[in-house]
Every structure is written in structure tokens, then in C-alpha cells.
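All residue numbers refer to positions in the sequence shown, counting from 1.
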Amino acid sequence: MLVVFCPFAAGYYLSYFYRYVNAVISKDLVQDFGLAPGELGLLTSAYFLAFAAFQLPLGVLLDRFGPRRCASALMCVAAAGALTFGLARDLAMLSAGRALIGLGVSAGLMGSIKAFTLWFPRERLTALSGWMIGIGSLGALSATAPVQALLGSFGWRTLFVALALLSLAAALLIFFVVPERELPGRGETWSEQFRMIAKIFSRLDFWRLAAPLVLCQASFQALQSLWFAPWLADVHDFTRAAAADYLFASALAYLVASVLLGQLTEMLAKRGVSQLRFYQAGMLACAASFAPIALGAASGTLLWLVLFAATSIAAITAYALLTQLVPAAQTGRVTTSSNVLLFGTSFVFQWGVGALLGLWPTSEGRYQPEAYRTAFGLLLAAQAAAALWLLTARSKGNTPLHPPEIVKSLE
């Protein structure tokens, strides 16, 4: 745990911090650079675009070279991106820095999961992934009210220079502490490795498991990392500090749920509830929790934000289910195949919400409640449709799919 889990956890903490920090500094960016809502959404979602674009090559690299070398090299790229962002003088430089950050942290969770499949029994994967998400959630927590408190003294530019140094330190920690281990499937050629990705995408069981993960987490990431803050201010008349406190509460709920995820699934498994059944129930609960937010409920805002954050963590169960569809040599590719969809969709959602908000007239810099209801309502419809499709999957005992489907590997 010390030499495998902890070094990757340091990098993943920073990955989440980067992902959500723009929600708090968004007003500073708008003021300093005169950004329109669509430009702000596009800038922030550049992280997701670069992250998603690298996922398929990342899966091949993880399976071929291992998580230690891949993750440490990419964290150096994140350090360069943070420095570029902190020194930016225009929107283009900001976007380039944000994209480099997204590329640099793209191996955060996927590299961790690949390392876990090498060093730990497969049945521990959900618990380990939950703990890793918990560490990341600490990064998300740090990017809310604590950042707001520091901005007055140091400013957002100094913050990103410090983040560049921390990213470099995380890269060194992963490279020099994490040990090497023999990788399965080393005999595959490059072309064989990439052909396996096409076979993964051709499988209906892959899409059925991946779709709820993608749409639930993409909605949460796009909103928590940017649009919930202005939504709280424009629709519910929150101050900037109060909005940061609410984001802190939802991030804390996400953290607690992620830490408890492994224990909960193990406890339910002993009672005969499979991970698939838990995943199905969690995705229905996630959509139900988001519904009052999307439909414009006038009260209970904190409750619904906390419930949405807590139930969305159930989507992480999909990673363990997906790795059971393939041989050990292909676990990097099956998880990154789902991740390219997740972060590509996060980019579309984050940019798309901003584009939709811009279709309505603004009043004193505030976006219209009708605009938020339209944008959030579309996200709700997508989540609900994926959750209902997931109900068509079947389990037997504690296995995610029927045994014949598991036996039908991608070899």
C-alpha cells in the first residue's frame, strides 16, 4: 500500500484539484480576461478534451510500459501546464495550459487501476478504486473554500506556480518509489494492442456498462467543476463565499461516499447483492437526486447537491465490472476506453452548458434560470436513459454478467 497506492494517490489528489479549481477562480478569469460564458466553458473543458484525447493511446502505453513510467512522465507535463496557466496573458495561453494539465493528469486513476490489477487481487479493485477517488475528493475539497480563502492573499497566478512544483514532486515520487512488475501481454505488437481497442468498442456489454458511468460522472464533473457555482449565484442568489461552501459540502459528500464504497459493496456481496445490482440501484438514485436540481426546486438545494454527489460515486463500480470482461493484459485498455468516453462527454457537457446559457440574454452578468433548467434538464434526460438501459443487464450470483459473456474474452 505504501509503495503502490500512496505515490499514485499524490498524483490523483492533484488531478482532482486541477479539475475543480476553475469553479472558484472563474470570476477572476472572467474579470481579468473578459471571457463570455461560452469561452469560460470552453477554457475549463479544455482539460477534459485533452484528457479524453489521450485515453486510448494511454491504455496501450499502460499495458505495454506499465503505470509507473507512464504516470510519472505525464505528471511532468501537468507541471508544465500549470506553469503555462499561471503565466498566461491571453485566452489562447490559458487554454494551452489547461489542456496540458488535462493531458498530464490523464493517467491519474487509470494508471492507479492498472497498478492495482498488477499488485492486488482483482476482488479488491472496487475498494481500492473507491479509496483512490476519496483521495481525489480531498483535492476537490481543497479546490473549493480553501482556495477561496487563499486567493485574497496570493492570487490565482501564484497558486498555479505552486501547483506546478507540487506536480513535479508527485512525478518524482511515483518514479522513484513505485516498484516495477512484470506486465502480462508483453508479446503483443503495437497493431495487436490497438486492434483490441476496436474489439472492446464493438461489444454491447461494454457500452451498457460504460454509458451510465460516462453520463453520470460527466454531468457531475462538468457541473461541480464549473457551473454549479454560477448556478447557485444566479438562480439562488448566493454570495461567492456561500457558493464555495456549498461546493465544499458536495465535494465532502463525494469524498465520504468514495471511502465507504468498497466496504458497502463488500457488505452487500455477503448478503447476495452483486456489484451489478449495486451499480444499477446507484445510477437510478443518482438520476433521482439530480432531478430536483435540474427541474429548479426552490428549496433543499444543499440536500440535493449532497445526495447527487454521494450517489454519483456508485458509477465507479463500473471500472471493476469492466475489467472482468477482459484478460489481465487488457485491463488498461478497457478502462481507458470507458474513460475516453467519460472525459470526451465531460468536455461536451461543460462547453455545451455554457453555450446554452449564452442563448438567453444576461442581466447584470447573471444567466437566466430558464437557461439553467434547459441545460440541466438535458443532462438529466441522458442520465435517466442510461440508468434504465443498465437495468437490462443481468447478473448471476456475484458476477457482473452471465458466465458465457465473461468467457467470451477479447483474445
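The backbone N or O of Ala46 sits nowhere less than 3.5 Å from a side-chain atom of Arg98 that would complete a donor-acceptor pair. In this structure, the side chain of Ser258 engages the main chain of Gly134 through a donor-acceptor pair within 3.5 Å.
In this structure, Arg19 forms a cation-pi arrangement with Tyr16, its terminal cationic atom sitting closer than 6.0 Å to the ring centre and no more than 45° off the ring axis. Figure legend: Arg68 and Phe175 shown as a cation-pi pair, the cationic atom lying under 6.0 angstrom from the six-membered ring centre and within 45 degrees of its axis.
Val147 is not listed as a side-chain neighbour of Tyr20, based on a closest heavy-atom distance of 4.5 Å or more. Contact check for Thr44 versus Phe347: no side-chain heavy atoms found under the 4.5 Å cut-off. For the pair Thr323/Phe116, no side-chain contact is recorded, criterion being any heavy-atom separation below 4.5 Å from C-beta on. Side-chain contact between Trp231 and Ile293: present, with at least one pair of heavy atoms (C-beta onward) separated by less than 4.5 Å. Pro230 is listed as a side-chain neighbour of Tyr372, based on a closest heavy-atom distance under 4.5 Å. Residues Leu305 and Leu232 are in side-chain contact: their nearest non-hydrogen atoms beyond the backbone lie under 4.5 Å apart.
Centroid-to-centroid, the aromatic rings of Phe220 and Tyr254 come within less than 6.0 Å. The six-membered or imidazole ring of Trp351 lies away from that of Phe48, with a centre-to-centre distance of 6.0 Å or more.
A salt bridge links Asp237 with Arg366: the distance from a Lys NZ or Arg NE/NH1/NH2 to an Asp or Glu carboxylate oxygen falls below 4.0 Å.
The line from OG1 of Thr336 to CG of Asp63 is 7.5 Å long, rounded to the nearest 0.5 Å.
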